[in-house]
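For reference, the structure is listed below as structure tokens.
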Amino acid sequence: MREIELTDIGGFRIGNAEWEEAGTGCTVVLAERGARAAVSVRGGAPASRENALLNPLAANDMIHAVLLSGGSAFGLNAASGVMQYLEEKGIGFPTGGGPVPIVCASCLYDLEFAEKGKRPDPALAYEACLHAGNFREGNHGAGTGATVGKILGMEHAMKAGIGCAAFQAGDLQVGALTAVNAAGNIVNPENGAFVAGIHEADGTMIDAEEALCALSAGSLRFHENTTLTVLLTNGKFSKTELAKLADMANDGYARAIRPVHTMVDGDSIYAMTNDTVKADLNIAGVLAAKAVSRAIVSAAEHAETSRGILSCSDFRRHA
């Protein structure tokens, strides 16, 4: 196993667009030649579009893009901009009335961080498509308004963002693109150290699981959180196998986010393949979980302080 760049996995282009001052944005993964895809939803509060098409029982076998967006359910409207971009290029499912692009989307909740009423729209998503091939980690795209460690309220939260990581074993490549907006803390699975999350003004970090267990029923102060991932692979997998791959990748969430998959998280993982290399699903699952956990940590480490919410790097300097 060796680490590679996410962009080494062919057939996909990634673009960001954001309103930095407003604190929100979106990220698009384009598969203009089409990609087989599936999804795993473990969180209890997802905001999503067209995910039913990814069920192995659905007739559709190809999608053309996945959009990750801020704006909570309002952000789902932004996917129309991706459809417009693809339609203008003649890309989509062929019909008598012209190509119909298949665009799946999931949104994270950044309404308490972003400027009130400012949500990603079709124009911003269209801009992300124009920027495809120019991807950056941290406070960019869907990670612009991402925060973590919100169990005790936003005043104890820390800035996160969007991150990526990818690994290769033999000819098999698996990578992860992750927008991290979790209620819990980010933990480095390699040493168990807190990376970002609940903090006090005196520079101490608080264990998010302990903080949750100490709360009484009805006193929970966190409500809307989401970690969104797009897995990319070159492995030849069916929709059913991709669904299993996305499910296995959730191990990466459990390694790097504590607690995770709560009823107030909308955690979702998409899996997309360019379908070029015969591969073992078990090996792909190992690579996927590792890529996801590494991408989560990277999202926090690349984040920058914004709108009064400290990044982990600034928090360490101030502690």
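What you see is a predicted model, and the numbers here were worked out from it, not measured in a lab.
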Is it true that a side-chain atom of [X] and a backbone atom of [Y] form a donor plus acceptor pair closer than 3.5 Å?
| X | Y | result |
| --- | --- | --- |
| S293 | A256 | no |
| T95 | G98 | yes |
| R13 | A132 | yes |
| Y270 | A105 | yes |
| D251 | A289 | no |
| N16 | A142 | no |
| N134 | G15 | no |
| T233 | Q173 | yes |

If you take all heavy atoms of [X] and [Y], which pair is closest and at what distance?
| X | Y | value |
| --- | --- | --- |
| A288 | L245 | CB-CD1, 3.8 Å |
| N188 | V195 | N-CG2, 3.6 Å |
| A160 | V148 | CB-CG1, 3.7 Å |
| K239 | D61 | CD-OD1, 3.3 Å |
| V103 | E50 | O-CG, 3.4 Å |
| V82 | L67 | CG2-CD1, 4.1 Å |

Taking atom [atom1] as the centre, does [X] end up with more than 12 heavy-atom neighbours from other residues, nucleotides or ligands that are less than 6.0 angstrom away?
| X | atom1 | result |
| --- | --- | --- |
| N55 | CG | yes |
| E5 | CD | no |
| R307 | CZ | yes |
| E20 | CD | no |

Grouping I, L, V, M, F, W and Y whenever their side-chain heavy atoms are under 4.5 Å apart, do [X] and [Y] come out in a common cluster?
| X | Y | answer |
| --- | --- | --- |
| L76 | L108 | no |
| L53 | M272 | yes |
| F315 | F194 | yes |
| M154 | L111 | no |
| M83 | M62 | no |

I need the [X] [atom1] to [Y] [atom2] distance, nearest 0.5 Å.
| X | Y | atom1 | atom2 | result |
| --- | --- | --- | --- | --- |
| S106 | I269 | OG | CD1 | 11.0 Å |
| E112 | S72 | CD | OG | 10.5 Å |
| L68 | C107 | CG | SG | 8.5 Å |
| N225 | I257 | CG | CD1 | 10.0 Å |
| I162 | T27 | CD1 | OG1 | 3.5 Å |
| L124 | K118 | CG | NZ | 8.5 Å |

E200: partners by side-chain hydrogen bond (donor to acceptor under 3.5 Å, both in side chains), with sequence neighbours left out
none
Identify every side-chain donor-acceptor pair in residues 175-184 under 3.5 Å, counting partners at least two apart or on other chains, and give the distances.
{"residue": "T178", "atom": "OG1", "partner": "T229", "partner atom": "OG1", "Å": "2.9"}
{"residue": "N181", "atom": "OD1", "partner": "T147", "partner atom": "N", "Å": "2.9"}
{"residue": "N181", "atom": "OD1", "partner": "K150", "partner atom": "NZ", "Å": "3.1"}
{"residue": "N181", "atom": "ND2", "partner": "Y109", "partner atom": "O", "Å": "2.8"}

Please report the C-alpha distance between L172 and F167 in whole Å, then the side-chain angles of each, then the deciding distance to 0.1 Å, and finally whether the side-chain contact (heavy atoms from CB on, under 4.5 Å) criterion is met.
CA-CA 8 Å; L172 175 63; F167 294 90; over 6 Å; no
Does a donor on one side chain and an acceptor on the other come within less than 3.5 Å for [X] and [Y]?
| X | Y | answer |
| --- | --- | --- |
| T240 | S238 | no |
| N139 | T144 | no |
| S298 | E137 | yes |
| S80 | Y126 | no |

Audit row: S40, N250, side-chain contact (heavy atoms from CB on, under 4.5 Å) steps and yes/no
CA-CA 8 Å; S40 172; N250 276 288; 3.0 Å; yes
Hey, are the side chains of D207 and N185 touching, using non-hydrogen atoms and a 4.5 Å cut-off?
no
Side chains of S311 and M158: closer than 4.5 Å at any heavy-atom pair?
no
Do K236 and V277 pass the side-chain contact (heavy atoms from CB on, under 4.5 Å) test, and can you show the C-alpha distance, the side-chain angles, and the key distance before you say yes or no?
CA-CA 5 Å; K236 283 182 173 287; V277 173; 5.8 Å; no
Verdict with reasoning, L6 to L232, per side-chain contact (heavy atoms from CB on, under 4.5 Å):
CA-CA 8 Å; L6 183 62; L232 304 179; 4.1 Å; yes
Parallel, tilted or perpendicular, judged at 30° and 60°: which one describes the rings of H199 and H156?
perpendicular
Electrostatic pair [X]:[Y] at N-O distance under 4.0 angstrom:
| X | Y | value |
| --- | --- | --- |
| E3 | R294 | yes |
| E304 | K159 | no |
| D267 | R42 | no |

Test applied, side-chain hydrogen bond (donor to acceptor under 3.5 Å, both in side chains); reference residue, R36; option that passes from N274, D275, N60, T273
D275
